[in-house]
Protein chains: 2
Amino acid sequence: MTIGALGQATGVGAETIRYYERIELLPQPARTSGGYRVYRPEHVRRLNFIRRSRELGLSIEAVRELLSLASDRLRPCARVDRLVRDHIHDLDHKIESLQKLRGALQRLADSCRGGGRVSECRILEALQEAEETLAGPAIECGQEDCQERRASEKQPKPRRERRA
Amino acid sequence: MTIGALGQATGVGAETIRYYERIELLPQPARTSGGYRVYRPEHVRRLNFIRRSRELGLSIEAVRELLSLASDRLRPCARVDRLVRDHIHDLDHKIESLQKLRGALQRLADSCRGGGRVSECRILEALQEAEETLAGPAIECGQEDCQERRASEKQPKPRRERRA
DNA sequence: CTAGACCTTGTAGCCACTACAGGGTCAAGC
DNA sequence: GCTTGACCCTGTAGTGGCTACAAGGTCTAG
Ligand SMILES: [Zn+2]
Ligand SMILES: [Zn+2]
Ligand SMILES: [Zn+2]
Ligand SMILES: [Zn+2]
């Protein structure tokens with residue numbers, strides 16, 4: 001099957017597939033004599049796995065690790081769970097901060113009815129002169145390992161070469 | 001005041017300030033004979049405005065438009081309100097979709113207790129074999145102008161030259 | 001044998017920064 | 001005057017996860 005057919009089969013665009021190959025998330029397929037990529041059912045399975053994981057918001061690096069874990073069937077699955085639960089925890093942080101932003105924006109929007117002139121607009125006034133931070137302070141997390149985890153993510157990653 | 005002092009006064013890093021200048025969000029300041037940027041109180045005000053807007057999650061383009069609107073004090077402020085309300089609406093979409101993801105991930109995580117082997121892990125099974133989309137279908141919005149607004153955002157923007 | 005659908009590589013763009021490298025400037029202290 | 005060292009300058013490249021070309025090559029149905 002060609003790259004277009006693989007795209008049809010998985011709902012992933014051809015350019016994205018080539019991108020996944022470039023970052024070594026998909027293995028290099030065989031080629032025709034003319035240079036066309038030739039995919040097999042195992043590629044369909046792997047790419048579907050990737051697509052579903054990405055739809056759940058997992059990062060490429062998380063997907064990479066899941067794929068690597070999945071290949072060793074005897075390993076305990078604790079790390080798999082950890083990846084998923086960490087991602088849920090990240091989502092909780094993100095949702096909470098978006099809700100805080102939403103609250104701040106709603107208060108701002110409610111302060112103006114939109115009927116006046118710019119010179120009387122309370123939204124602009126607040127943006128120009130607010131003393132306190134409009135969006136509130138950063139949220140701190142009670143969860144034990146949240147800080148260390150987020151810190152370890154900040155570590156400089158070893159860069160992979162572009163095309164070996 | 002130098003760029004470092006402006007950064008101190010506003011809580012914005014020097015590199016970000018130079019970036020804002022490059023994209024013409026901050027006007028070019030005067031320079032010393034040696035080439036150092038020299039800022040004035042109006043720069044502090046403008047940069048604080050930008051920082052507060054960005055903390056609320058407004059895009060650079062939205063901030064640019066707010067700044068331009070704010071400069072014309074007699075104009076009606078309806079457009080200001082519109083920008084803020086549109087942003088709230090975008091946040092609602094984003095929050096809703098993150099909550100859907102969270103639900104899907106939680107169901108996934110609950111299906112595995114983390115004690116078994118990879119070969120029995122229901123998380124990996126689901127990612128490998130799910131028929132239905134794990135994250136559910138895209139949300140459609142009841143709001144009247146949501147589609148057109150999102151469509152008009154997709155329009156190709158006229159690109160600004162790099163350094164006039 | 002030709003049309004045209006598909007494929008190839010490579011590069012650049014998106015957002016909003018952030019992180020250098022390699023140099024220049026400025027103020028204080030001696 | 002000279003040195004030190006904190007600050008500043010420009011320019012480029014990287015982040016994530018694609019997406020959109022351009023310029024050309026390949027494959028297949030008619
Ligand atoms: Zn208003
Ligand atoms: Zn946390
Ligand atoms: Zn498991
Ligand atoms: Zn909507």
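All values below were derived from every heavy atom in this structure, side-chain atoms included, with hydrogens, water molecules and symmetry-related copies excluded. In what follows, every chain begins at residue 1, and chains take the letters A, B, ... in the order their sequences are listed.
- Contact between the side-chain N/O atoms of A:Thr2 and the OP1/OP2 oxygens of C:dC7 is found at a separation under 4.0 Å.
- With C:dC7, D:dT10, C:dC17 as the candidates, the nucleotide lying closest to the side chain of A:Ile3 is C:dC7.
- In this structure, the CG atom of B:Leu25 is 13 Å from the C1' atom of C:dC17, given to the nearest Å.
- What separates CD of B:Glu55 from P of C:dA16 is a distance of 15 Å, to the nearest Å.
- Between B:Met1 atom CE and D:dC8 atom P the separation is 11 Å, expressed in whole Å.
- The B:Thr32 side chain lies nearest to C:dC26 when the options are D:dC27, C:dC26, C:dA16.
- One N or O on the side chain of B:His87 and one on the backbone of B:Leu56 form a donor-acceptor pair closer than 3.5 Å.
- Judged as a side chain to side chain contact (heavy atoms under 4.5 Å, CB included), and not counting sequence neighbours, the contacts of B:Ser97 are B:Ile139.
- Where B:Glu21 and A:Gly34 meet DNA chain D, the nucleotide closest to each residue was compared, and B:Glu21 sits on the side nearer the 5' end.
- Atom pair A:Arg22:CZ and D:dA20:P shows a separation of 15 Å (rounding to whole Å applied).
- Enclosure of atom CD in A:Gln28 is not indicated, since only 12 or fewer non-hydrogen atoms of other residues, nucleotides or ligands lie within 6.0 angstrom.
- At the heavy-atom level, B:Arg18 lies under 4.0 Å from base atoms of the strands shown.
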### Task
Please lay out, stage by stage, how A:Arg51 and A:Glu55 fare under the test side-chain contact (heavy atoms from CB on, under 4.5 Å).
CA-CA 6 Å; A:Arg51 178 185 51 76; A:Glu55 280 170 0; 3.1 Å; yes

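- Judged by atom type and distance alone, A:Tyr36 reaches the base of D:dG25 through a side-chain donor-acceptor pair under 3.5 Å.
- For A:Arg37, whose side chain is taken as the heavy atoms from C-beta onward, the closest listed nucleotide among D:dC18, C:dC7, C:dT8 is C:dT8.
- Backbone-only engagement by B:Arg54 is indicated by non-hydrogen atom pairs under 4.0 Å involving sugar-phosphate atoms exclusively.
- Remark: the B:Glu15 side chain and the D:dC9 base include no donor-acceptor N/O pair separated by less than 3.5 Å.
- Here the side chain of A:Arg31 pairs no donor or acceptor atom with the backbone of A:Arg37 at under 3.5 angstrom.
- Per the geometry, CD belonging to A:Glu24 stands 16 Å off P belonging to D:dG17, to the nearest Å.
- C:dA16 atom C1' lies 15 Å from atom CD1 of B:Ile17, rounded to whole Å.
- Comparing D:dC7, C:dC17, C:dA16 by their closest approach to the side chain of B:Ser59 singles out C:dA16.
- Taking only side-chain atoms of B:Thr16, from C-beta outward, the nucleotide of C:dT18, D:dC27, D:dG17 with the closest atom is C:dT18.
- Going from atom CG of A:Leu47 over to atom C1' of D:dC18 covers 14 Å, rounded to whole Å.
- Taking only side-chain nitrogens and oxygens, B:Arg31 comes nearer than 4.0 Å to OP1 or OP2 of D:dT10.
- Per the geometry, CD1 belonging to B:Ile23 stands 12 Å off P belonging to C:dC14, to the nearest Å.
- Side-chain N or O atoms of A:Arg85 include one that pairs as donor or acceptor with a backbone N or O of B:Ala109 at under 3.5 Å.
- Nearest to the side-chain atoms of A:Tyr19 among the listed nucleotides C:dT8, C:dC17, D:dC18 stands D:dC18.
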